[in-house]
Amino acid sequence: EAAHVEGFAKECAVVTHYRLKNDPAGAGIIVDPEAKLEEELIIRPTSETIIWNTYKTWIQSYRDLPVLLNQWCNVVRWEMRTRLFLRTAEFLWQEGHTAHATKQEAVDEAEQMLNIYADFVENYMAVPVIKGVKTPTERFAGAEETYCIEALMQDGKALQAGTSHFLGQNFAKAFDVKFSDKNNNLDYVWATSWGMSTRLIGALVMAHSDDDGLVLPPKIAPLQVVIVPIYKGDEQLEIITGKVNQIVKELKDLGISVKYDNSDNARPGWKFAEYEMKGVPVRIAIGKRDIEKNVAEVARRDTKEKMSVDISGLSSYIKNLLDEMQLNIYNRSKQNLEGHITKADTWNEFVEILDNKAGFISAHWDGTAETEEKIKELTKATIRCIPLNNKQENGKCILTGNPSTQRVLFARAY
RNA sequence: CGGGAGGUAGUUCAGCCCGGUUAGAAUACCUGGUUUGGGACCAGGGGGUCGCUGGUUCGAAUCCAGUCCUCCCGACCA
C-alpha cells in the first residue's frame, strides 16, 4: 500500500468542511467556517483501498476465489493542469478488481482484460492500439506489472487508452487478505485491477475527426443514418415522406438506427452541415428529382463521397456501406499509426524524428530509470510501452550507448 | 505552484496604445416577404450597469491601483 499511497497522495482532493452558507457580508456563497470536519475525507483517486478493505472480509478460503468486482464510478485526481476529456479533475470510469488463488490466474486475468480493452477500442472505436507493458517508472503505483494499450492521435501524440495491472500480493499484504488453499496452507491472494475512462471520448474525437467535425465509426454512432428530405411545398413532402417511411422501416429491420429529419425549421444545407459536424456516418437525401428516377443520394461521412443509389436496393447497400466505413475508418487510423512508428538508432535521429515527424519511435534503451528520466527531461518523450511479444535484438541505448536487448516505444504523450 | 494572454450584445470579437456624440461588427434572436439539391436572400426590429471595487479627471470601456475569474504553456498525470 505504501507505494500506492505514495503514488496518489500528491493528487488527492480533501474535504475539510461539510457546509456552505450565504456570506453575511454579501460575497455570495462561502464555506461555513463553523462546519470544519474533525476528520477530513479524502476523495478517492481510485478504489483499491476500499475494495481491498472489503475483500478482507469476504475472502477466507480458496472456495471464495476468484472474486471480481466491476464498478462505474467517478474519481477525483487533483491534477495541476487539466485537459478537456483527456485529463479532467473528476472523471467517470470503469474499474475492475479481482482476487485470485494463484499468480498465474491473476496474470492471465490482467492480460485478458488488456485484450478486451484492445478489442473494444480497435473493433468498435476503430482506433488501432499497441499492446504493451509499462516500464517500472511508468507503472501504476503499487503494481508489479502494468499492461497498457497505446493509441496515436492525428497530431502525432500518443494517448494511453486503457490499462490493466497485475498487482501481485501487494494489496493482499497491505490489507491482510489471506486464504486457505486445499491443503489448508494460508497464503495471500493475488490481485489485478484495470480501468478505462471517459478519456476514450477524447481519443475518439482526436483519432478520427476532420475540419468538418466528428467522424464516428458506425458501430458506436448513436445515430447511423439520417435522412433529409428536399422539397418545395407540402405536396412534395408528402410524396417523399411516403417513400422515406418505407426506407426507414427497411433500415430498422436491419438493425440500423435511423432518423428522418423532416423538421421545417432548418434548410437542407444547414442540416447537411449539422449532421456532418455531429459525425453521423451516412446521410441520405431524397428530393423530387430522385423520386422520379427511384434513387436517393447517399453521402458517407468518412470520405465525404456522394453516390446515387437505387432505392430498391438501398437498405442492403447502406448495411454494407456501414460495415465498409467501420473498416475504412479503422484502416485509415491504422495507416497513420503504422506510418508513425519510426526506428531511430542515433540520438540525433531520435530528436529529429520527434520534432519533425512525431509519433512513436522505436529505439534501444539501456533499461535504467535514470536514462528514461534523462530522455524525458531532454525531449519530453516518455517510454510509452514495451510492446508485447517484442523482438529481442542486441543494440546500443539511444542516449548512453550502453548495451540493450530490445527496442522500446518512445513518444510525446497526452 | 511558476510564466504568459485575456474578461465589451446569446456567441465570436473590434474599439483601449493616443480619455471626448447615443459603445460597434459578424453571427445568433424577433417580425414580414421571397425561398428550400451544401450552413438562404431582402426589409425592418430587439438586445450591453464594457468582470468587480476604488482612484485620477470637467469627462473613463479607454489611464492607475486592488480584486475575482477564464484560457494557454510548464511541472504533475488516466
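Naming: A, B, ... by sequence-line order, numbering from 1 per chain.
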Would you mind telling me which of A:R139, A:K134, A:K103 makes a salt bridge (Lys or Arg N to Asp or Glu O under 4.0 Å) with A:E145?
-> A:R139

Once you apply the 3.5 Å cut-off to both distances, tell me the Watson-Crick or G-U wobble partner of [N], or none.
N: B:C52; result: B:G66
N: B:A40; result: B:U34
N: B:G2; result: B:C73
N: B:C29; result: B:G45

[atom1] of [X] versus [atom2] of [N]: gap in Å, rounded?
X: A:N265; N: B:U35; atom1: CG; atom2: P; answer: 20 Å
X: A:K380; N: B:C73; atom1: NZ; atom2: P; answer: 10 Å
X: A:Y117; N: B:A78; atom1: OH; atom2: C1'; answer: 11 Å
X: A:N74; N: B:A78; atom1: CG; atom2: C1'; answer: 14 Å
X: A:F272; N: B:A40; atom1: CZ; atom2: P; answer: 11 Å
X: A:I240; N: B:G37; atom1: CD1; atom2: C1'; answer: 10 Å
X: A:D261; N: B:G38; atom1: CG; atom2: P; answer: 16 Å
X: A:I230; N: B:A40; atom1: CD1; atom2: P; answer: 13 Å

Report the C-alpha separation of A:L388 and A:L114 in whole Å, then their side-chain angles, then the decisive distance to 0.1 Å, and conclude whether the side chain to side chain contact (heavy atoms under 4.5 Å, CB included) test is met.
-> CA-CA 11 Å; A:L388 296 183; A:L114 185 79; 3.8 Å; yes

Note: A:E324-A:R300 ion pair, threshold 4.0 Å (strictly below) = yes

Please evaluate the base of B:G38 for a donor-acceptor partner in the side chain of A:K306 within a cut-off of under 3.5 Å?
-> yes

Short side-chain N/O contact from A:R267 to OP1 or OP2 of B:A40, under 4.0 Å | yes

OP1 or OP2 of B:A75 less than 4.0 angstrom from a side-chain nitrogen or oxygen of A:R81, does that happen here?
-> no

Describe the nucleic acid contact of [X] in one word from base, sugar-phosphate, nothing, applying a heavy-atom distance below 4.0 Å.
X: A:F140; value: nothing
X: A:S197; value: base
X: A:L159; value: nothing
X: A:K288; value: base
X: A:D290; value: base
X: A:T88; value: base

What do you reckon, are the aromatic ring centroids of A:F350 and A:F410 less than 6.0 Å apart?
->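 Aromatic pair counts; centres sit under 6.0 Å.
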
Sticking with atom [atom1], work out how far [N] lies from [M], rounded to a whole angstrom.
N: B:C50; M: B:G19; atom1: C1'; value: 15 Å
N: B:G48; M: B:A23; atom1: P; value: 11 Å
N: B:U49; M: B:G37; atom1: P; value: 39 Å
N: B:G33; M: B:C63; atom1: P; value: 48 Å
N: B:U53; M: B:C13; atom1: P; value: 25 Å
N: B:G7; M: B:U12; atom1: P; value: 12 Å
N: B:A9; M: B:G15; atom1: C1'; value: 14 Å
N: B:A60; M: B:C42; atom1: C1'; value: 40 Å

Taking the six-membered ring of A:W93 (Phe, Tyr or Trp), confirm whether the NZ or CZ of A:R77 is under 6.0 Å from its centre and within 45° of its axis.
->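 Because its charged atom sits under 6.0 Å from the ring centre and within 45° of the axis, A:R77 does stack over A:W93.
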
Find which nucleotide of RNA chain B each of A:A296 and A:T163 is nearest to by heavy atoms, and output the residue with the more 5' nucleotide.
->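 Mapping each residue to its closest nucleotide by heavy atoms, the 5'-most match is A:A296.
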
Mapping A:A273 and A:K232 onto RNA chain B by nearest heavy atom, which one lands closer to the 5' end?
->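 Between the two, 5'-proximity favours A:K232.
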
Side chain to side chain contact (heavy atoms under 4.5 Å, CB included), paired with A:R301, selected from A:V280, A:V282, A:D212, A:L216 =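 By the side chain to side chain contact (heavy atoms under 4.5 Å, CB included) criterion, A:R301 pairs with just one of A:V280, A:V282, A:D212, A:L216: A:D212.
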
Which one, [options], comes nearest to the side chain of [X]?
X: A:Q160; options: B:G38, B:U36, B:A78; answer: B:A78
X: A:P268; options: B:U36, B:G39, B:C76; answer: B:U36
X: A:R199; options: B:G37, B:A78, B:C73; answer: B:A78
X: A:R77; options: B:G39, B:A78, B:G74; answer: B:A78
X: A:R289; options: B:G37, B:G38, B:A78; answer: B:G37

For A:T102, check side-chain hydrogen bond (donor to acceptor under 3.5 Å, both in side chains) against everything at least two apart and list the hits.
-> none

Output, in order, the C-alpha distance, side-chain angles, deciding distance and verdict of side-chain hydrogen bond (donor to acceptor under 3.5 Å, both in side chains) for A:N348 and A:T346.
-> CA-CA 5 Å; A:N348 285 345; A:T346 68; 5.6 Å; no

